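Shown next, in structure tokens, is the structure this report addresses.
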Amino acid sequence: MILYFSATGNTRYIAEELARLLGDEVLDLCPRIKAQNYETIYSEKPFVLCAPTYVCAPPAFFIRYIEAIELSGNPDVYFVSTSGGYSGISGAVMGRIIRKKRLHYMGWAEFKMPPNYIANKPHHLPEESVIRERIDQASQDAATVAEAIRARQTLKARHIWLLEHLIEAPLHPVLSRMGHRVDGFLASDHCISCGICARNCPLNIIQMQDGKPVWRGTTCAHCMACIQNCPVEAIEFGNITQGRKRYRLKEYL
Ligand SMILES: Cc1cc2nc3c(=O)[nH]c(=O)nc-3n(C[C@H](O)[C@H](O)[C@H](O)COP(=O)(O)O)c2cc1C
Ligand code: SF4
Ligand code: SF4
């Protein structure tokens, strides 16, 4: 079974491609994460866990969720990351968690996708042709990865250097807890009160009040599901996102 979280569609696309190629089921973990549903997930076929990269590792809430649930049936677990180009220590982090659950870690595959971190100052969405090239390349890579999974081979991603572990392992939890402030998010008067942002938020940070979204608390995962999927582009993050093109993979298919 293919399990995934995706905010803007990159990881969903890879997960659904793998499911199609393997003739396997695919499960979006977001509703379960939102509902804090920790029921055991059973699969006869190997598990394939798919997640984006947030600051060189999988999202902290995804890690916590995988740590908390029981995966039963087939003991083989693959990991797939998507990123804007650099998945950091993602494979090492997930490998450790999977082994700790006494399951067989079957390796890691990285997919380089269009970057989606629009609320980050250095973010730059590439030209449309580059976006399409990346998606095409990812589709080809998915076929190779699916072939290896079908043959029950271990996936071999690149080597993670000691320096990457030393810098990124402490950086990821600190930035995940403190770095992603919510006070920059605001919905403009263009908001049509559809509630999509609140429904998509994996952490239930957004509440609809008098028909408008309100961001609660001080930090969130900065997954970008709210700002990127608003149908009328009513959400901004301070002045960083003003005038920036929104990104959703499905618009390039
Ligand atoms: C908070 C945040 C942090 C990110 N950090 C990285 C990173 O460290 N390296 C990278 O290459 N891409 C990074 N990205 C880009 C995403 O990993 C990438 O676009 C991913 O494919 C998005 O997946 P999704 O469309 O399934 O949500 C980051 C995105 C966000 C929102
Ligand atoms: S997704 Fe956009 S339009 Fe819909 S409620 Fe949220 S801010 Fe308003
Ligand atoms: S508030 Fe927006 S960016 Fe933050 S976790 Fe929720 S959907 Fe993601």
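A quick note: this is a predicted structure, and the numbers were derived from the prediction, not measured. Numbering of ligands and ligand atoms starts at 1, following listing order.
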Identify whether the distance between the nearest side-chain nitrogen and carboxylate oxygen of Glu236 and Arg246 falls below 4.0 Å.
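A salt bridge is present here (some side-chain N lies under 4.0 Å from a carboxylate O).
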
Are Arg64 and Glu67 ion-paired here, with the side-chain N under 4.0 Å from a carboxylate O?
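No, this pair does not count.
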
Quick one: pull up [atom1] in [X] and [atom2] in [Y] and give me the separation to the nearest 0.5 Å.
X	Y	atom1	atom2	value
Ile2	Ile14	CD1	CD1	11.5 Å
Tyr247	Ile118	OH	CD1	12.5 Å
Thr154	Tyr78	OG1	OH	6.5 Å
Arg244	Asn239	CZ	CG	10.0 Å
Lys45	Ile149	NZ	CD1	11.5 Å

Using a plain distance cutoff, I'd like to know if [X] has any nitrogen or oxygen under 3.5 Å from a nitrogen or oxygen of ligand 1.
X	result
Thr11	yes
Gly9	yes
Gly84	yes
Cys223	no

Enumerated ligand 2 atoms positioned under 4.0 Å from heavy atoms of [X]:
X	result
Met208	5 (S)
Cys191	3 (S), 5 (S), 7 (S), 8 (Fe)
Gly195	4 (Fe), 5 (S)
Ile192	3 (S), 8 (Fe)
Val232	3 (S)

Suppose the cut-off is 2.8 Å; which protein N/O/S atoms would you list for atom 6 (Fe) of ligand 3?
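Within the sphere that stays under 2.8 Å of atom 6 (Fe) of ligand 3, the protein atoms of type N, O or S are Cys201 SG.
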
Which of the ligand 3 atoms, numbered from 1, are nearer than 4.0 Å to a heavy atom of Met224
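Within the 4.0 Å cut-off of Met224, ligand 3 contributes 3 (S), 8 (Fe).
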
Given Gln228, Lys112, His222, His123, which has its nearest heavy atom closest to atom 31 (C) of ligand 1?
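When every heavy atom of Gln228, Lys112, His222, His123 is considered, His222 comes closest to atom 31 (C) of ligand 1.
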
Nearest heavy atom to atom 2 (Fe) of ligand 2: which of Cys194, Ala234, Pro231, Cys230 does it belong to?
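Considering heavy atoms of Cys194, Ala234, Pro231, Cys230, the nearest to atom 2 (Fe) of ligand 2 sits in Cys230.
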
If you count every heavy atom of other residues, nucleotides or ligands that lies below 6.0 Å from Arg158 atom CZ, does the total exceed 12?
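Result for CZ/Arg158: enclosed.
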
Gln36 atom CD, over 12 foreign heavy atoms within 6.0 Å
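Counting neighbours around CD of Gln36, 12 or fewer heavy atoms of other residues, nucleotides or ligands fall under 6.0 Å, so no.
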
Tell me which part of His222 gets within contact of ligand 3: side chain, backbone, both or neither, using heavy atoms under 4.0 Å.
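It is the backbone that gets close, since no side chain atom is under 4.0 Å.
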
Of all the heavy atoms in Pro114, does at least one lie under 4.0 Å from an atom in ligand 1?
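A heavy atom of Pro114 does come that close to ligand 1.
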
Quick one: does Gly85 get within less than 4.0 Å of ligand 1, heavy atoms only?
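Gly85 counts as a contact of ligand 1 under the 4.0 Å cut-off.
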
As a test of understanding, state which of Tyr65, Phe62, Phe61 forms a ring-ring contact (aromatic ring centres under 6.0 Å, His included) with Phe5.
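One option only clears the test, and that one is Phe61.
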
Nearest protein heavy atom with distance in Å, relative to [atom]:
atom	result
atom 22 (C) of ligand 1	Asn116 ND2, 3.4 Å
atom 7 (S) of ligand 2	Ile235 CG1, 3.5 Å
atom 27 (O) of ligand 1	Ala7 N, 2.8 Å
atom 25 (O) of ligand 1	Thr8 OG1, 2.4 Å
atom 8 (O) of ligand 1	Cys56 N, 2.9 Å
atom 5 (N) of ligand 1	Val55 N, 3.0 Å
atom 9 (N) of ligand 1	Tyr86 O, 2.8 Å
atom 3 (C) of ligand 1	Tyr54 CA, 3.4 Å
atom 14 (N) of ligand 1	Thr53 O, 3.2 Å

Quick one: does any side-chain atom of [X] pair with a main-chain N or O of [Y] as donor and acceptor, under 3.5 Å?
X	Y	result
Lys212	Cys191	yes
Arg12	Asp28	no
His190	Ala234	no

What are the atoms of ligand 1, with element, lying closer than 4.0 Å to any heavy atom of Met224?
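Heavy-atom distances to Met224 below 4.0 Å select 31 (C).
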
Atoms in ligand 1 flagged as close to Thr82, the criterion being non-hydrogen separation under 4.0 Å:
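Near Thr82, meaning under 4.0 Å from one of its heavy atoms, ligand 1 has 17 (O), 20 (C), 21 (O), 23 (O).
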
Starting from the C-alpha separation in whole Å, work towards a yes-or-no answer on side-chain hydrogen bond (donor to acceptor under 3.5 Å, both in side chains) for Thr8 and Asn116.
CA-CA 7 Å; Thr8 54; Asn116 71 344; 3.0 Å; yes

Quick one: does Glu233 get a heavy atom under 4.0 Å from ligand 2?
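It does not, in that no heavy atom of Glu233 comes within the 4.0 Å cut-off of ligand 2.
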
I'd like to know whether Glu128 forms a salt bridge (Lys or Arg N to Asp or Glu O under 4.0 Å) with Lys245, so could you lay out the CA-CA distance, the side-chain angles of the two residues, the decisive distance to 0.1 Å, and finally the verdict.
CA-CA 11 Å; Glu128 190 168 326; Lys245 190 167 162 35; 6.0 Å; no

Check the side chains of Tyr54 and His222 for a donor-acceptor pair under 3.5 angstrom, ignoring hydrogens and angles.
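Result is no, nothing qualifies.
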
Work out which heavy atom in Met113 is nearest to a heavy atom in Ala138; give both atom names and the distance.
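Shortest heavy-atom contact: SD-CB, 3.5 Å.
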
Could you go through Ser81 and Trp108, starting from their C-alpha distance and side-chain angles, then the distance that decides it, and tell me whether this counts as side-chain hydrogen bond (donor to acceptor under 3.5 Å, both in side chains)?
CA-CA 8 Å; Ser81 64; Trp108 168 39; 2.9 Å; yes

Side-chain donor-acceptor distances from residues 192-204 under 3.5 Å, at least two apart:
from: Ser193; atom 1: OG; to: Gly211; atom 2: O; distance (Å): 2.6
from: Arg199; atom 1: NH1; to: Cys194; atom 2: O; distance (Å): 3.3
from: Asn204; atom 1: OD1; to: Lys34; atom 2: NZ; distance (Å): 2.9
from: Asn204; atom 1: ND2; to: Lys34; atom 2: O; distance (Å): 2.9

Could you check Lys101 against Val77 for side chain to side chain contact (heavy atoms under 4.5 Å, CB included), going step by step and ending with a plain yes or no?
CA-CA 10 Å; Lys101 295 170 87 67; Val77 185; over 6 Å; no

Tell me the contacting part of Pro115 for ligand 1: side chain, backbone, both, or neither, using a 4.0 Å heavy-atom threshold, strictly below.
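The part of Pro115 near ligand 1 is the backbone, not the side chain.
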
